[in-house]
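Working notes, beginning with the structure itself.
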2 protein chains.
Amino acid sequence: MNVSEIYTSIPLGDGSTHAHTSTWVASTLRQEIAEGRLLPGSKLSEQALSSALGVSRNTLREGFTLLDSDLIISRIPNRGVFVASPDAADIREIYAVRRTIEPAALAWGPKLDIDELSRIIGQARAAAEAGNITLMADANQQFHETIVRATGSAHLLELMSRVLAKMRLVFHAMSDAPDFHSHYVSRNSSLVDLLSAGQRMKAADTLQDYLNTAEAELLDHYESSQLR
Amino acid sequence: MNVSEIYTSIPLGDGSTHAHTSTWVASTLRQEIAEGRLLPGSKLSEQALSSALGVSRNTLREGFTLLDSDLIISRIPNRGVFVASPDAADIREIYAVRRTIEPAALAWGPKLDIDELSRIIGQARAAAEAGNITLMADANQQFHETIVRATGSAHLLELMSRVLAKMRLVFHAMSDAPDFHSHYVSRNSSLVDLLSAGQRMKAADTLQDYLNTAEAELLDHYESSQLR
DNA sequence: AAACGCATATTGTTCAACAATCTTTCTTGG
DNA sequence: CCAAGAAAGATTGTTGAACAATATGCGTTT
C-alpha cells in the first residue's frame, strides 16, 4: 500500500464537532503511524492530507505541531513533514532515556505495583504459549509502562509512551526484525522475583543489564540491515 | 505593570524573516513568562497579542501550540490561553520528575562531569558572597541541568528544562517566597564531595533527601500563602 | 437578590491569496 | 555527452478576512 492509497483510506471525520479538530487530526495520524500504515520516511503532503482528512491546511499544520512533540514526525523547514525514520542515534537516545527512568522507578518509585507487574507477566506467558506475537509485544510495553508509573509522575509516563511509540517506528523500519520480545518474558519474570524478595536495588541493576543487552541487539540488527 | 502594558512593551520583530515565525513567537513568549513579565494567570488574548507581536492570529496560534507542550501555558477550549499558575499538584509533579531523573543521573549517568559541577558551585559561592540572588538561582539551575546531562539523553534534558521553567513560575506565583537558593549551595557542595570520593550511590540518596526537603518546604510555603 | 435572555466579544476553523524556498527541467557552454 | 546554471513549477510559510461556535456581560424580569 503506497502513500497516496493511505490518504484515501483514512476515514473522514463524521462531521460532528471535535473538541479540537487539530487534536483529532494529530491522534488520527498518530494511530496511522503507530499501526504501520504510514511507514517511516513517508512524506505527509499538506495539500493531499488536508483534503484527505477534510480539514484545512491551517488546522492540519496545528496537528503537525502537536505530533512534532511526539517525536514521530520530522519537520524540515520549507521541505515538508515526514514520518520519522529512526536511526542508530535515535535508538541510543531511546535507551538512554529508558536506562535512566526505568531502573530509578524500580529502585525508588513510591508507587511500585508488583502485583500488577506479575499479572502482566501472566498475560505475556499466555500470549507466548498461544504464539501471539502482537499480544506479547503489547504485554511487554504494558510491563514497562507499569514500571514507569511507579514514579508517580504523569510527565515521565508521557515521555515513556512517546519513547515507546518511537520504538515501534524502529521495528516498522526494520521489517525483518527477529522476535525480540519472546525471550524478554523470562527476564521480566526474574525482575518481579527480585522485587517480591524486596531487592529493589538489585532489580534496578538487573534491568539495566537487560536494557544494555537489548540496545546492543537492536543496534546490531540495525547496522546489518543498513548494509543491504 | 499590567497585562496590556506588557503587550505594548514586547519588542516587535524587525521585519526580517525568522526561520519560523511561530517558533520566534513561542520563544519570545517563553522569555516574557520566564522573566516574570507575564505573571501566572494572565490571559493571552489572541487579538491583542497578535497585533502586539506583529503576526497573524494563525501564526500566534501555532506558537501557542508549541508553548502548550512546554507546560507553561494552559489552553482552555473556547476560553483562551493563560499563563499557567502552578498549584500544589504541579509542585508534587515537578518533584516526582526530579526525584526520579536526578538521582538516577548521579548513580548511573555515563557522562557525569564532576569538574563542571564543581566549577558551577564556585560561581554560586561567588554570587552568594556578592549577594546576587538571581545569579545564585541561575547557578542552581545550571547545577541541576548538568546533573541531568550526565544521562546522555537530550529528551531528559529537555524535560528537565521544561520542569525547571515551570518551577520558575511557582516562584513567580509566590512573590514573597523566601530565599530558597542560598542554603542549597552547601548541599550541592557536599554532593560534589561525595561524587569526588566515588560514592555515587550515596550521592544519589543524599540528593533524594535534599529534594524531599525542598518539596516539603515549597509545599509548606505554598499552602500558607494560599490561606491569605 | 437570583434567574433568564439577549447583545457582544472571543475563540475555533476555513478559505484564498501571496511570499519564500525548494525541486525539477531545460538550456547553455565546454 | 556531461556539468553548471537559469528558468519554471511545486510546496511550504504566512497573512487577512470571513463565519460558526462558545463564552461573557448586562439589563430585564420576577
Side-chain angles (χ1 to χ4, degrees), chain A residues 2-4 6-8 10-29 38 41-69 72-85, chain B residues 2-4 6-8 10-29 38 41-69 72-85:
Chain A
N2 66 29
V3 174
S4 62
I6 290 292
Y7 288 153
T8 62
I10 296 176
L12 289 169
D14 55 5
S16 68
T17 58
H18 320 98
H20 282 289
T21 307
S22 52
T23 304
W24 172 80
V25 167
S27 68
T28 300
L29 289 179
L38 286 172
S42 306
K43 172 160 191 185
L44 303 177
S45 154
E46 294 192 355
Q47 189 178 319
L49 252 187
S50 62
S51 70
L53 293 170
V55 300
S56 74
R57 271 182 63 212
N58 281 330
T59 304
L60 177 63
R61 289 181 125 260
E62 262 203 68
F64 280 159
T65 306
L66 290 171
L67 285 182
D68 207 9
S69 63
I72 58 178
I73 65 169
S74 68
R75 288 183 102 161
I76 306 177
N78 297 312
R79 291 274 310 277
V81 174
F82 303 82
V83 179
S85 47
Chain B
N2 65 28
V3 175
S4 61
I6 290 294
Y7 288 152
T8 61
I10 296 176
L12 289 168
D14 54 4
S16 68
T17 58
H18 319 98
H20 284 290
T21 307
S22 52
T23 303
W24 172 81
V25 168
S27 68
T28 300
L29 289 179
L38 285 171
S42 307
K43 173 160 189 184
L44 303 177
S45 153
E46 294 193 354
Q47 190 179 316
L49 252 187
S50 62
S51 70
L53 293 170
V55 301
S56 73
R57 267 183 66 213
N58 281 327
T59 304
L60 177 63
R61 292 182 123 257
E62 261 204 69
F64 280 159
T65 308
L66 288 171
L67 284 183
D68 208 9
S69 62
I72 58 177
I73 65 168
S74 68
R75 289 182 101 162
I76 305 177
N78 296 312
R79 289 276 312 277
V81 174
F82 304 82
V83 179
S85 47

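Values reported hereafter were calculated over all heavy atoms of this structure, with side chains retained and with hydrogens, waters and symmetry mates removed. What you are looking at is a predicted structure, and each value in this text was computed from that prediction instead of being measured. In what follows, every chain begins at residue 1, and chains take the letters A, B, ... in the order their sequences are listed.
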[X] vs [N]: side-chain N/O to OP1/OP2 distance below 4.0 Å:
X     : N      : result
A:T21 : C:dT13 : yes
A:T59 : C:dT14 : yes
B:K43 : C:dT11 : yes
A:S22 : C:dG12 : no

Let me know the distance between [atom1] of [X] and [atom2] of [N], rounded to the nearest Å.
X     : N      : atom1 : atom2 : result
B:R61 : C:dT11 : CZ    : P     : 8 Å
A:I76 : D:dG13 : CD1   : P     : 11 Å
B:F82 : D:dT24 : CZ    : C1'   : 12 Å
A:Q47 : D:dG9  : CD    : C1'   : 13 Å
A:R75 : D:dT11 : CZ    : P     : 17 Å
A:W24 : C:dT13 : CH2   : P     : 12 Å
A:L60 : D:dT11 : CG    : P     : 14 Å
A:F64 : D:dT14 : CZ    : C1'   : 16 Å

Subject >> CG-CG distance between A:L29 and A:L60, expressed to the nearest 0.5 angstrom >> reply: 7.0 Å
Original post:
Could you give the distance from OG1 (A:T65) to CD (B:E62), rounded to the nearest 0.5 Å?
Top reply: 4.0 Å
**OP:** Please list all pairs passing the salt bridge (Lys or Arg N to Asp or Glu O under 4.0 Å) test where one or both residues lie in residues 44-56 of chain A, with sequence neighbours left out.
**Re:** A:E46-A:R57, A:E46-A:R61
Can you tell if the side chain of [X] reaches within under 4.5 Å of the side chain of [Y], non-hydrogen atoms only?
X     : Y     : value
A:V83 : A:K43 : no
B:L44 : B:F82 : no
A:L49 : A:V25 : no

**OP:** Let me know, please, whether B:R79 or B:E62 comes out on the 5' side of the other along DNA chain D by nearest nucleotide.
**Re:** B:E62
Polar pairs (N or O, both sides) under 3.5 Å between protein and nucleotides 16-19 of chain D?
from   : atom 1 : to    : atom 2 : distance (Å)
D:dG16 : O6     : B:N58 : ND2    : 2.5

Original post:
Which nucleotide in the set C:dT14, D:dG13, C:dT11 lies at the smallest distance from any side-chain heavy atom of A:E46?
Top reply: D:dG13
**OP:** Kindly point out which of C:dT13, D:dT22, D:dG13 is positioned nearest to the side chain of B:N78?
**Re:** D:dT22
Original post:
Is a side-chain N or O of B:T59 found less than 3.5 angstrom from the main chain of B:V55, in a donor-acceptor match?
Top reply: no
